[in-house]
Amino acid sequence: MKIVTMGLGYIGLPTAVMFANHNQDVVGVDVNCLTVEQLNRGILHIEEPGLQEELNHALACGTFKASLTPEKADVFIIAVPTPNHNDDLKSCDLSYVANAIKSILPFVEVGNTIILESTVAPQSTENLVQPMLEEAGFIIGETIYLVHCPERVLPGQIIHELVYNNRIIGGVTAECTQAGKEVYETFVKGELILTTARTAELSKLMENTFRDVNIALANELVKISADLDIDALKVIEMANKHPRVNLHQPGPGVGGHCLAIDPYFIAAASPDYSPLIQLSREINTSMPQFVITKTNQLMQQYSGKKITVFGLTYKGDIDDVRESPAMEIYEHLTAQQCFEVVAYDPHVEAAFVEKNLAVAINNADLILVLTDHSAFREMDSTTFENMNQKNILDTKNILNVSANDINYINLGNLARIEKVIEQTTQLA
Ligand code: SAJ
């Protein structure tokens, strides 16, 4: 089978090389010249465990090449970004999808299968892509097959999950679904779940919305617990010992290109019937400011001058800072110009990031942990010896700190900050 994948990003590239390593002939198309040129030389532009080996193998076999332009194929897979529009409900911007379809149209022939992997608002496959193909003279389900197969892989585990996750195959007609199944069964070992395009679209969006709503509940619990002086993290630990309860973990906010985006697509498509989804988004987007307020309180209490931020990515052990609440917090604290703010992140390559841990920590009055990188879990109390004042605010509950001389605060014991403020006020 010859496959053209449109978009060589976090999803398109791993998908393309996986097909290429399972006996398919793949052309990966991207609009970025540098990306295309480097991929053909085996140089990756993203960090993902196992991807380098997969790319090397596909290039060595000659089954993958990157290109700036599409060509004729049996299957076209669209894996381009779908950002939010800048409107009130942050609806789904389908312009990259529309452009990708436009650019493949001159190469599409009778019998081809067009697969939309990008996450899209409900009914986009039928309302946007289907008319474009019909205008070009094709009959969906007869002369051409149109399918929505949302990707569902977890960054950091993409290579494994592409093969072993269950895969939703949503055809516009039953014939389309069958055509989609034939594509993915070339390498997917998970269950191929056959359904309609619109069910596939909404189920994908609901998966991430489920997580977003549950994280909002955990974040709300943090605020309640800080108010009532009860340890939110212990409450979660205890409640989760119930066999049917699974409270999620609170944090400095929700980032990435999925949870922080997808719920809006549902809300914008059905605004009157999605109050819970909309409120959950509000709660999660309020978390960076909540953390900034607590940070400022702590720094004022201890007359601190230097903050070291631990972690900028939207979650642990990846290099992705898209929609990262950690970046938002770092940028805000820097813009305040009240303190020296140093960023330390072993996964992020940028000029403003301090690569040397000792230099980053030296003379700090507060370490603000915003990401749960494994490297942070492995640190012990000796790491923090050269701080000026040993205050730690760990929003991911990741550090193992036992030393008595460290003022360790996490999202479970935030009430301690208020208590110190009260004591100081009383003394004054
Ligand atoms: N987070 C919390 N508390 C938690 C879990 C996560 O605050 O208990 C935060 C993380 O720190 C991060 C954000 O949520 O900022 C998102 O992280 P994530 O690991 O939940 O998800 P993503 O965005 O990396 O990937 C999700 C996955 N979806 C689900 O697990 C339902 C993945 O399978 C999807 O493929 C991906 O979205 C996507 O592309 O849609």
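One-based numbering, in listed order, for ligands and for the atoms of each. These numbers come from a predicted model, not from an experiment.
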[atom]: which protein heavy atom is closest, and how many Å away?
atom                    : result
atom 13 (C) of ligand 1 : Gly255 O, 3.6 Å
atom 25 (O) of ligand 1 : Leu154 CD1, 3.7 Å
atom 22 (P) of ligand 1 : Tyr314 OH, 3.6 Å
atom 9 (C) of ligand 1  : Ile215 CD1, 4.0 Å
atom 21 (O) of ligand 1 : Leu259 CD1, 3.6 Å
atom 8 (O) of ligand 1  : Gln249 N, 2.8 Å
atom 33 (O) of ligand 1 : Arg152 O, 2.9 Å
atom 5 (C) of ligand 1  : Arg211 NH2, 3.4 Å

_Within the supplied structure, the quantity of interest is the number of heavy atoms (other residues, nucleotides, ligands) at a distance under 6.0 Å from His57 NE2; does it exceed 12?_
no
_Whether over 12 other heavy atoms sit under 6.0 Å from Phe339 CZ_ = yes
Consider only side-chain N and O atoms of [X] and [Y], and report whether a donor and an acceptor are under 3.5 Å apart.
X      : Y      : value
Asn284 : Asn219 : yes
Gln52  : Asn56  : yes
Asp320 : Thr313 : no
Glu282 : Gln278 : no
Gln297 : Gln301 : no
Asn166 : Arg152 : no
His45  : Gln38  : no

Indicate, as side chain, backbone, both or neither, the part of Glu161 found under 4.0 angstrom from ligand 1 when only non-hydrogen atoms are considered.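 Near ligand 1, Glu161 shows nothing, with every heavy atom at 4.0 Å or more.
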Lys396, portion touching ligand 1 at heavy-atom distance under 4.0 Å:
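Looking at Lys396 and ligand 1, just side chain atoms fall under 4.0 Å.
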Looking only at distances, can you tell me whether any N or O atom of Pro325, backbone or side chain, sits closer than 3.5 Å to an N or O atom of ligand 1?
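So ligand 1 has no N or O lying under 3.5 Å from an N or O of Pro325.
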Notebook entry, point to check: Polar-atom distance check: Lys315 versus ligand 1, any N or O pair below 3.5 Å?
Noted result: yes
- Message: Would Lys223 and Phe290 count as a cation-pi pair here, with the cationic atom under 6.0 angstrom from the ring centre and within 45° of the axis?
- Response: yes
In ligand 1, the atoms that come under 4.0 Å of a heavy atom of Val153 are 32 (C), 33 (O), 34 (C), 35 (O), 36 (C)
Using a 4.0 Å cut-off to any heavy atom of Glu207, which atoms of ligand 1 qualify?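 Contacts of ligand 1 toward Glu207, numbered from 1: 31 (C).
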Review point. Out of curiosity, is His257 lining ligand 1, as in a heavy atom under 4.0 Å away?
Key: no
Check: Just going by heavy-atom distances, which of Ser324, Pro155, Pro252, Cys258 is nearest to atom 36 (C) of ligand 1?
Finding: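 Heavy atom nearest to atom 36 (C) of ligand 1 belongs to Cys258.
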